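Small disclaimer: the values here were computed from a predicted structure and weren't measured.
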Amino acid sequence: MTLEEIHGQQPAPAGQDWMQGAGTALHELLMSAQRRGCLTAGVYESAKLMNVDPDNVAFCLLATDQDDEGDIALQIHFTLIQAFCCENDIDIVRVNDVAKLAAIVGPSEESGESRDLHCILITNPNEEGWKDPALEKLNFFCEESRNVNDWVPTVTLPE
């Protein structure tokens with residue numbers, strides 16, 4: 001008997017298409033959020049924003065590379081951010097390729113320097129009723145992942 005059978009849940013749709021769809025949606029969301037000025041990058045910047053205005057946070061992304069796996073301080077920050085997101089009903093995903101993420105998000109607009117991309121928050125813009133189809137796809141992806149007890153699913157960004 002599997003865990004899904006015990007809890008009466010269906011396994012997540014298997015296959016590359018489902019994961020690719022989430023990766024493409026994440027790419028679209030990052031591009032859209034950056035154009036709208038709704039993207040906050042950096043572990044400390046994200047923590048400050050979540051402390052001040054958690055209701056304004058629509059989505060959270062945690063990113064690591066193999067080099068970061070041994071960084072205990074970063075892992076502690078991730079654990080705290082994940083707990084906060086779960087407690088405040090903020091959907092959250094992981095990405096295991098900071099280089100691809102940097103290619104999408106790019107350097108800081110203010111200074112032109114590379115920025116900390118280990119945590120990225122997507123916030124709601126001031127526009128009433130803004131609905132991003134990519135955000136809706138990712139919300140559905142996260143909901144489906146939670147149905148199979150994958151609380152922080154990993155998304156692969158497209159090439």
Side-chain angles (χ1 to χ4, degrees), residues 11-50 54 56-86 88-125 130-159:
Q16 200 68 349
D17 291 342
W18 192 59
M19 289 300 290
Q20 272 185 320
T24 302
L26 181 58
H27 183 273
E28 292 169 6
L29 178 62
L30 290 168
M31 298 296 288
S32 173
Q34 190 160 3
R35 278 192 307 273
R36 294 180 179 273
C38 303
L39 188 140
T40 301
V43 173
Y44 296 110
E45 292 81 1
S46 297
K48 282 190 256 179
L49 177 65
M50 287 190 287
N56 197 32
V57 177
F59 196 79
C60 180
L61 166 82
L62 298 177
T64 58
D65 277 332
Q66 287 182 345
D67 299 341
D68 299 323
E69 294 300 322
D71 187 343
I72 299 301
L74 184 61
Q75 297 306 319
I76 291 170
H77 282 102
F78 279 5
T79 301
L80 294 171
I81 290 169
Q82 288 173 31
F84 186 88
C85 288
C86 288
N88 288 282
D89 296 322
I90 300 168
D91 286 328
I92 183 170
V93 297
R94 277 188 175 254
V95 170
N96 290 330
D97 196 338
V98 177
K100 278 187 191 176
L101 192 57
I104 296 168
V105 176
S108 173
E109 292 177 7
E110 294 109 28
S111 67
E113 296 179 14
S114 62
R115 51 186 163 177
D116 174 16
L117 298 177
H118 290 107
C119 182
I120 295 178
L121 297 181
I122 308 298
T123 56
N124 292 318
W130 175 71
K131 292 287 182 188
D132 189 310
L135 179 59
E136 290 177 11
K137 287 178 189 175
L138 284 167
N139 288 336
F140 178 74
F141 172 78
C142 289
E143 183 180 332
E144 289 297 310
S145 295
R146 284 190 299 271
N147 286 339
V148 294
N149 292 320
D150 187 4
W151 293 93
V152 184
T154 299
V155 173
T156 302
L157 292 168
E159 295 298 322

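Residues N88 and V57 are not in side-chain contact: their nearest non-hydrogen atoms beyond the backbone lie 4.5 Å or more apart. Using a 4.5 Å heavy-atom cutoff, the side chains of D65 and N96 are not in contact. Contact of the L61 side chain with the V155 side chain is not registered, since no non-hydrogen atoms from C-beta on lie closer than 4.5 Å. Inter-residue side-chain proximity for D97 and L157 is flagged as unmet; no heavy-atom pair is nearer than 4.5 Å.
Distance check, rounded to the nearest 0.5 Å: CG of L62 to CG of L117 gives 12.0 Å. Atom CG of L29 and atom CZ of R36 lie 10.5 Å apart (nearest 0.5 Å). In this structure, CG on D150 lies 5.0 Å from OG on S145, to the nearest 0.5 angstrom. Atom CD of Q75 and atom CG of D71 lie 7.0 Å apart (nearest 0.5 Å). L121 CG to S46 OG: the interatomic distance, rounded to the nearest 0.5 Å, is 3.5 Å. Interatomic distance, CD1 of I104 versus NZ of K100, reported as 8.5 Å (0.5 Å rounding).
Counting non-hydrogen atoms of other residues, nucleotides and ligands closer than 6.0 Å to CD of Q66 gives a total of 12 or fewer.
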What's the verdict on side-chain contact (heavy atoms from CB on, under 4.5 Å) for F59 and N139, showing C-alpha distance, side-chain angles and the deciding distance? CA-CA 8 Å; F59 196 79; N139 288 336; 4.2 Å; yes
Using the side-chain contact (heavy atoms from CB on, under 4.5 Å) rule, take F78 and H118 through it: C-alpha gap first, then chi angles, then the decisive distance, then the call. CA-CA 9 Å; F78 279 5; H118 290 107; 4.1 Å; yes
Could you go through V105 and R115, starting from their C-alpha distance and side-chain angles, then the distance that decides it, and tell me whether this counts as side-chain contact (heavy atoms from CB on, under 4.5 Å)? CA-CA 10 Å; V105 176; R115 51 186 163 177; 2.9 Å; yes
C142 and V93: side-chain contact (heavy atoms from CB on, under 4.5 Å), yes or no, with the steps? CA-CA 8 Å; C142 289; V93 297; 3.6 Å; yes
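Contact between I81 and C60 at its shortest, heavy atoms only, is CG2-SG, 3.8 Å.
Ring-plane geometry between Y44 and H77 is classed as perpendicular, the angle between the planes exceeding 60 degrees on a 0 to 90 degree scale with a lower cut at 30.
The main-chain N or O of A25 is never found under 3.5 Å from a side-chain atom of K137 such that the two would form a donor-acceptor pair. Panel note: side chain D132, backbone A134; a donor-acceptor pair is recorded below 3.5 Å.
Under the side chain to side chain contact (heavy atoms under 4.5 Å, CB included) test applied with L26, the options L101, L135, L138, T156 reduce to a single match, L138.
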